[in-house]
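I have placed the structure first, in the form of structure tokens, so that the comments after it can refer back to it.
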Amino acid sequence: MDYNQNNQYGQVSGQQGGYPYFQPQPQPLNQYNQPYPQPPYQPPAPYLDPNIPVGQPVGQPQYGNYQQQPVYSSGFVQNGPVYTASPVLRSAEGMRFPVQIQCPYCNQQGITRIENRVGDGTICASILVLIFCWPLFWLPCCLEDCKDRVHLCIHCQKCVGKKRYEIC
């Protein structure tokens, strides 16, 4: 069968799977009858935006060609967190999280300790769950978010505020 003629499967001889036959091109040879060495692959240089200076932190971009103002220091370097003065409350009434108070009973300052207690809202939620899905009526009594939050003084253990649980 001739190279340019089709065989019984409709393919040209020398082809596989219907694709044209590929013959590699001979590599050019140097004077010593050896192929020229290929340079190692070098990835292209990354694109650099001319509007963003190189070395600038990512979170604080600078736009344009502005000169940075010199920073004058008094020699004092503050290391550590910066604390802001929060007001000292006399009561923690209606607060959901621990707060700093001055206890009205012992007059000492401190952050309140919270106890979660079953209250009226918890009982109402249990009754509603009992009506709609009675096997789970006990669930609101176990969930911390369904209980009243009672703030206690860390020094004298007296109640200094309360946040009642509200169903809606």
Side-chain angles (χ1 to χ4, degrees), residues 16-19 22 24 35-168:
Q16 293 180 350
Y19 296 105
F22 174 74
Y36 287 106
Q38 295 286 332
Y41 174 75
Q42 301 240 346
Y47 172 74
L48 297 176
D49 190 353
N51 294 328
I52 300 176
V54 176
Q56 186 68 23
V58 175
Q60 303 169 354
Q62 276 187 345
Y63 298 103
N65 294 326
Y66 301 108
Q67 292 183 354
Q68 188 174 3
Q69 297 293 325
V71 178
Y72 298 105
S73 176
S74 63
F76 176 76
V77 178
Q78 181 176 359
N79 292 331
V82 177
Y83 296 102
T84 57
S86 60
V88 179
L89 304 174
R90 294 285 292 171
S91 171
E93 195 66 37
M95 299 292 180
R96 185 175 169 94
F97 300 105
V99 292
Q100 182 163 351
I101 62 155
Q102 181 171 0
C103 179
Y105 303 105
C106 64
N107 287 326
Q108 292 193 20
Q109 287 188 7
I111 296 177
T112 59
R113 182 174 60 90
I114 292 183
E115 280 187 4
N116 294 315
R117 298 182 182 166
V118 174
D120 296 339
T122 311
I123 301 298
C124 290
S126 292
I127 292 171
L128 285 174
V129 173
L130 178 69
I131 293 170
F132 294 110
C133 186
W134 67 269
L136 298 176
F137 74 94
W138 52 269
L139 197 58
C141 295
C142 296
L143 297 174
E144 298 294 319
D145 288 339
C146 294
K147 296 180 181 180
D148 293 347
R149 294 178 184 242
V150 179
H151 291 266
L152 302 173
C153 174
I154 59 171
H155 301 289
C156 64
Q157 305 302 318
K158 293 198 177 184
C159 179
V160 292
K162 191 173 191 178
K163 168 72 171 138
R164 294 189 181 272
Y165 170 68
E166 299 170 358
I167 294 176
C168 293

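Note that the structure is predicted; figures quoted are calculated from it, not measured.
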Closest non-hydrogen atom pair, Pro98 against Ile111
CB-CG2, 3.7 Å
Calculate, to the nearest 0.5 Å, the distance between atoms CD and SG belonging to Gln108 and Cys156 respectively.
8.0 Å
Distance col, row Phe97:CZ vs Lys163:NZ, nearest 0.5 angstrom, shows 10.5 Å
Where the side chain of Thr112 meets the backbone of Leu152, is there a donor-acceptor pair that is under 3.5 Å apart?
no
Could you give the distance from CG (Asn116) to CD (Glu144), rounded to the nearest 0.5 Å?
4.5 Å
Counting only N and O atoms by type, is there a donor-acceptor contact under 3.5 Å from the side chain of Asp148 to the main-chain atoms of Val118?
no
Which atom of Gly110 lies closest to which atom of Ile154, heavy atoms considered:
CA-CD1, 4.2 Å
Within-4.5 Å side-chain heavy-atom neighbours: His155 and Asn107
no
Give, for atom CD1 of Ile123 and atom CD1 of Ile167, the distance between the pair rounded to the nearest 0.5 Å.
10.5 Å
A side-chain contact here means heavy atoms from C-beta on lying under 4.5 Å apart; do Ser91 and Pro104 qualify?
no
If you look at every heavy atom in Met95 and His151, which pair is closest and at what distance?
O-NE2, 2.8 Å
In short, Gln109 meets Gln100 closest at the heavy-atom pair OE1-NE2, 3.5 Å
Of all heavy-atom pairs linking Cys159 and Val150, the shortest is SG-CG1, 3.7 Å
Would you check if Lys147 and Arg117 make a side-chain contact, meaning some heavy-atom pair closer than 4.5 Å?
no
Could you tell me which non-hydrogen atom of Leu136 sits nearest to which non-hydrogen atom of Pro140, and how far apart they are?
O-CD, 4.0 Å
When you look at Arg164 and Glu166, which way does the salt bridge (Lys or Arg N to Asp or Glu O under 4.0 Å) test go after all the steps?
CA-CA 6 Å; Arg164 294 189 181 272; Glu166 299 170 358; over 6 Å; no
Point-to-point distance, once rounded to the nearest 0.5 Å, from SG of Cys124 to CG of Leu128:
7.0 Å
Quick one: CG on Asp145 to OH on Tyr165, what's the gap to the nearest 0.5 Å?
8.5 Å
